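Computed from a predicted structure; not experimentally measured. Along the sequence shown, the residues carry numbers beginning at 1.
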Amino acid sequence: MKAMKIIDISQPLSHKTQEWPSDTPFNYALTWSIEEASTVNVGQITTSTHIGTHIDAPFHFDNEGKKVHELDLDLYVGKARVIEISGKKEIKIEDLKKFDLSGVERLLIRTNSWDNRNRFPTSITSLNPEIALYLAEKGIQLIGVDTPSVDQVDSKDLQAHHQLHKHGIHILEGIALEHVDPGDYELIALPLPIVGADGSPVRAVLKKL
């Protein structure tokens, strides 16, 4: 029996991983080291919860929203469809109407708008807040994007975040889809069980169905 190929769609975490401006950068360092006479190597991580490939808990933008440890894990495991919508400043309903989204619960959008991950982008393809109702009517419960946010990076009101939340759609950001063809996959993108957290890095992978 042929083994299923796992496609990693996570950004590697290192000192090169781009954090939001003024947010906590990722850092890993050894606190105990065999080279320095310890019996083991033990590392320490400091990071933002919104580094690299991550999920947003509703608490991130709504004080009354669920926190990471309260989220339904079924949202982050299951059949997902990858589509490509590139060359847009904003994805609108008319862009989505070109795709058959029947039966889709998890939608991943390849925008190709973060072309250099060694630099935090100044402009990305964002989601028009009006698509939230359209997606909800299609039955979508999770939206994933290959950008650091579903809103523009300079947004102050985060309308896409709020509208998606209002319509019961959860958010996965910073996925790497440049090596992924459009189609149907199984998604696994589980957050860490960080009690009280507003978000969590994830190891997001796809398996071709």
Side-chain angles (χ1 to χ4, degrees), residues 5-61 67-69 71 73 75-77 80 82 84 86 108-127 142-156 158 160-161 170-180 185 187-207:
K5 181 183 179 185
I6 291 178
I7 305 169
D8 196 347
I9 58 169
S10 311
Q11 295 183 55
L13 293 176
S14 75
H15 67 281
K16 295 181 180 179
T17 308
Q18 295 296 299
E19 74 277 4
W20 278 82
S22 301
D23 199 1
T24 306
F26 180 87
N27 185 68
Y28 169 81
L30 288 174
T31 51
W32 295 351
S33 169
I34 294 173
E35 285 189 355
E36 296 179 358
S38 175
T39 56
V40 290
N41 291 315
V42 175
Q44 172 183 274
I45 292 172
T46 56
T47 186
S48 165
T49 50
H50 296 268
I51 200 79
T53 305
H54 65 277
I55 62 101
D56 286 355
F59 178 62
H60 175 47
F61 48 88
K67 298 169 183 176
V68 169
H69 71 284
L71 298 173
L73 293 182
L75 291 164
Y76 305 100
V77 178
V82 175
E84 182 173 353
S86 57
L108 311 181
I109 304 178
R110 176 177 165 178
T111 71
N112 303 307
S113 62
W114 190 359
D115 56 357
N116 182 0
R117 292 189 186 271
N118 292 319
R119 196 171 60 230
F120 195 85
T122 56
S123 179
I124 56 173
T125 298
S126 59
L127 304 185
L142 176 74
I143 187 84
V145 292
D146 60 352
T147 55
S149 178
V150 294
D151 283 286
Q152 276 298 327
V153 293
D154 60 353
S155 173
K156 302 301 182 187
L158 301 179
H161 281 80
H170 290 72
I171 299 169
L172 170 64
E173 295 169 328
I175 50 180
L177 294 176
E178 57 270 18
H179 58 301
V180 178
Y185 300 84
L187 169 71
I188 303 171
L190 292 169
L192 300 173
I194 309 172
V195 175
D198 56 294
S200 171
V202 302
R203 184 68 180 265
V205 300
L206 297 174
K207 292 198 291 185

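- Evaluation of the side-chain contact (heavy atoms from CB on, under 4.5 Å) rule for Ser14 yields Lys16, Thr17 as partners, not counting sequence neighbours.
- Qualifying side chain to side chain donor-acceptor pair (under 3.5 Å) partners for Ser10, counting only residues two or more places apart in sequence or in other chains: Asp8.
- With sequence neighbours excluded, the residues satisfying side-chain contact (heavy atoms from CB on, under 4.5 Å) with Asn116 are Asn118, Arg119.
- Residues meeting the side-chain contact (heavy atoms from CB on, under 4.5 Å) test with His179, sequence neighbours left out: Ile7, Ile9, Ala176.
- Tested against Leu172, the residues Asp56, Leu108, Ile143 include a single side chain to side chain contact (heavy atoms under 4.5 Å, CB included) partner, Leu108.
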Give the table of side-chain donor-acceptor pairs shorter than 3.5 Å for residues 191-201, with sequence neighbours excluded, one pair per line with atom names and distance.
from, atom 1, to, atom 2, distance (Å)
Asp198, OD1, Thr49, OG1, 3.4
Asp198, OD2, Thr49, OG1, 3.1
Asp198, OD2, His50, NE2, 2.6
Ser200, OG, Leu192, N, 2.9

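- A search for side chain to side chain donor-acceptor pair (under 3.5 Å) contacts involving Asn41 returns nothing, not counting sequence neighbours.
- Checked against side-chain contact (heavy atoms from CB on, under 4.5 Å), Leu158 has the following partners two or more places apart in sequence or in another chain: Phe61, Asp151, Ser155, His161, His162.
- Listed by chain and number, the residues in a salt bridge (charged side-chain N to carboxylate O under 4.0 Å, His left out) with Glu19 amount to none (sequence neighbours excluded).
- For Trp20, the ring pair (Phe, Tyr, Trp, His ring centres under 6.0 Å) partners two or more places apart in sequence, or in a different chain, are Phe120.
- Under the side-chain hydrogen bond (donor to acceptor under 3.5 Å, both in side chains) criterion, the residue pairs touching residues 23-40 are Asp23-Ser48, with sequence neighbours excluded.
- When the side chain to side chain donor-acceptor pair (under 3.5 Å) test is applied to Glu84, the partners found at least two apart in sequence or on another chain are Asn112.
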